[in-house]
Enquirer: 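The following block contains the structure, expressed as structure tokens.
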Amino acid sequence: MLDRLQELKDEAITKVKEAGSLNELRDIRVTYLGKKGPITEVLKGMGKLPAEERPKVGQMANEVREAVASLIAERETRLEEEALTAKLQKESIDITLPGRPVNKGSRHPLTSVIETIEDIFIGMGFTVAEGPEVETDYYNFESLNLPKDHPARDMQDTFFITNELLLRTQTSPVQTRTMEKHEGRGPVKIICPGKVYRRDEDDATHSHQFMQIEGLLVDENIRMSDLKGIFEQFVKRYFGENREIRLRPSYFPFTEPSAELDVSCAICGGKGCRTCKQTGWIEVLGSGMVHPNVLRMSGFDPEKYTGFAFGMGVERFAMLKYGVDDIRHFYTNDTRFLSQFTRV
Ligand code: 2NL
């Protein structure tokens, strides 16, 4: 029996040494150390031995069992280490390889123009206000001194949803909504960027949906000179320090007096060329002192408060800055056009 145990031990040791995988090792453990294994068999047969031999065989059987078990454990650790090393080797990354380029998106040119203009006005103490694109007749027209029979409300120009609901034709309703919230107390100092809608035929200079930025400053003692000072700063920061401005009389129903803002032509330096139609000046926005009726309707006392307001077309600013000749480029999402603005 002792010989048989020695034989089993040698056999198991050779098998463990040869085992190439954790699975094989598990089989060896089951075969030699399991309940139905040969060592267990030897122990079961001990009853037939003379009493004095039993402890010797028992001791040897236990020794063999322990020796095989510890050898299996050792080999197991080794195999696990090898597997891990192989796995790490296989999964190692060559960090010296250049990365595959990722197609990065970029801001839409209209978004970057809006952000640039917002930053300039934020720098002068304005905040950005937003409001709904579906508006009521009251906020889009009435609150801006445009009564029902006013020619500027021509049905031709407005997308009506119902008699009272429409797609806003300007962002001014955001400004009268904001004035209402101030409950007659100044200052109100905001710019309102956003989409507006008009029933126009689309062509190189018209789009039925476009972007507008309007501005409003209401406080005590606000004068036309404040408007001019703000415009001077704005134009120099947006178009460049060497540009000049001029105000030209105009008319809007919500401002009195009203003025267009012209910027000196950068192409000819003011001498006159095709871009400025030989005038030396380029029109960039409309503005004026807020009409007393508009102030009153939104809860401000026109005897105490005055203000100025202005509105500009974002597409026009983008076209002037980047030399774009057709407004439709901004809305057709052709990447050959858009990819030219990845750095602006
Ligand atoms: C243009 C002209 C303008 C305004 C917008 C305004 C807003 C309030 C009160 C008074 Cl709440 N006025 N906005 C004023 C003058 C001109 O826009 O040509 N926009 C593209």
Side-chain angles (χ1 to χ4, degrees), residues 110 113-114 117 121 126-132 135-136 138-147 150 152-153 157-158 168-182 184 186-198 200 205-219 222-224 226-228 230-231 234-235 238 247-263 282-302 305-320 327:
L110 294 179
V113 167
I114 288 172
I117 294 173
F121 280 98
F126 287 73
T127 53
V128 178
E130 287 181 309
E135 261 300 358
T136 59
Y138 175 78
Y139 284 111
N140 194 76
F141 292 125
E142 206 100 7
S143 77
L144 288 152
N145 203 31
L146 280 147
H150 199 283
R153 300 177 52 151
D157 297 338
T158 309
R168 68 181 182 194
T169 58
Q170 47 200 6
T171 56
S172 336
V174 181
Q175 297 173 292
T176 49
R177 281 173 179 279
T178 307
M179 274 197 277
E180 276 186 4
K181 284 199 198 113
H182 276 72
V188 180
K189 206 173 171 187
I190 51 169
I191 56 164
C192 307
K195 291 194 203 83
V196 298
Y197 303 83
R198 303 244 174 117
D200 268 328
T205 53
H206 296 83
S207 173
H208 62 280
Q209 179 214 294
F210 59 101
M211 296 279 203
Q212 206 190 22
I213 299 179
E214 286 206 23
L216 173 73
L217 199 169
V218 175
D219 206 351
I222 297 298
R223 301 178 297 258
M224 200 98 186
D226 297 306
L227 168 150
K228 195 173 178 188
I230 295 277
F231 285 170
F234 167 56
V235 164
Y238 186 84
L247 289 171
R248 197 162 29 78
S250 183
Y251 170 80
F252 298 106
F254 23 81
T255 46
E256 184 60 38
S258 305
E260 306 281 351
L261 175 69
D262 291 347
V263 174
I282 295 169
E283 183 188 318
V284 293
L285 58 80
S287 65
M289 300 307 290
V290 180
H291 197 291
N293 288 350
V294 175
L295 288 170
R296 202 176 297 113
M297 274 186 283
S298 292
F300 278 78
D301 177 3
Y305 284 101
T306 48
F308 68 80
F310 53 92
M312 58 190 126
V314 177
E315 286 79 358
R316 187 168 162 71
F317 271 69
M319 288 165 91
L320 287 172
I327 195 171

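When a ligand or atom number is given, it counts from 1 through the structure's own listing order. No hydrogens, no waters, no symmetry mates; every other heavy atom, side chains included, goes into these values.
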Enquirer: Answer yes or no for L285: is there a heavy-atom contact with ligand 1 below 4.0 Å?
Expert: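 For ligand 1, residue contact (heavy atoms, under 4.0 Å) with L285 is absent.
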Enquirer: May I ask you to decide if D157's main-chain N or O and R198's side chain share a donor-acceptor pair within less than 3.5 Å?
Expert: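 Absent.
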Enquirer: Just jot down the ligand 1 atoms closer than 4.0 angstrom to any heavy atom of E214, in number order.
Expert: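 Within the 4.0 Å cut-off of E214, ligand 1 contributes 4 (C), 5 (C), 6 (C), 7 (C), 13 (N).
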Enquirer: Side chain to side chain contact (heavy atoms under 4.5 Å, CB included) between L261 and R248: does it pass, once the steps are laid out?
Expert: CA-CA 6 Å; L261 175 69; R248 197 162 29 78; over 6 Å; no
Enquirer: Ligand 1 versus F252, non-hydrogen atoms closer than 4.0 Å: side chain, backbone, both, neither?
Expert: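 Within the 4.0 Å criterion, F252 contacts ligand 1 through side-chain atoms alone.
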Enquirer: Indicate, as side chain, backbone, both or neither, the part of Q170 found under 4.0 angstrom from ligand 1 when only non-hydrogen atoms are considered.
Expert: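 No part of Q170 is near ligand 1 at this cut-off.
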Enquirer: For ligand 1, which part of Q212 has a heavy atom less than 4.0 Å away: the side chain, the backbone, both, or neither?
Expert: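 It is the side chain that gets close, since no backbone atom is under 4.0 Å.
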Enquirer: Nearest protein heavy atom to atom 7 (C) of ligand 1, by residue and atom, and its distance?
Expert: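 The answer is Q175 OE1, 3.2 Å.
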Enquirer: State, to 0.1 Å, how close Q175 and E214 come at their nearest heavy-atom pair, and which atoms those are.
Expert: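 Heavy atoms of Q175 and E214 come nearest at OE1-OE1, 2.5 Å.
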Enquirer: E180 vs Y139, test: side-chain hydrogen bond (donor to acceptor under 3.5 Å, both in side chains). Steps then yes/no.
Expert: CA-CA 11 Å; E180 276 186 4; Y139 284 111; 2.7 Å; yes
Enquirer: Test salt bridge (charged side-chain N to carboxylate O under 4.0 Å, His left out) on E130 and R177; report intermediate values, then the result.
Expert: CA-CA 10 Å; E130 287 181 309; R177 281 173 179 279; over 6 Å; no
Enquirer: Search all heavy atoms of T176 against all heavy atoms of S143 and return the closest pair with its distance.
Expert: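 Residues T176 and S143, closest heavy atoms: OG1-OG, 3.0 Å.
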Enquirer: Any N or O of A309 that comes nearer than 3.5 Å to an N or O of ligand 1?
Expert: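 A309 vs ligand 1: no N/O contact under 3.5 Å.
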Enquirer: Within the structure, does S287 bring an N/O atom to less than 3.5 angstrom of an N/O atom in ligand 1?
Expert: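 There is no such contact.
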Enquirer: Under a 4.0 angstrom heavy-atom cut-off, which atoms of ligand 1 come close to L144?
Expert: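 Taking each heavy atom of L144 in turn, ligand 1 has 8 (C), 11 (Cl) under 4.0 Å.
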Enquirer: For the CD atom on E283, are there more than 12 heavy atoms of other groups (residues, nucleotides or ligands in this structure) within a distance under 6.0 Å?
Expert: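 More than 12 heavy atoms, drawn from other residues, nucleotides or ligands, come within 6.0 Å of this atom.
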Enquirer: Suppose we measure from atom 1 (C) of ligand 1 to each protein heavy atom; which comes out shortest, and what is that distance?
Expert: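 Residue, atom and distance for the closest contact: G311 O, 3.5 Å.
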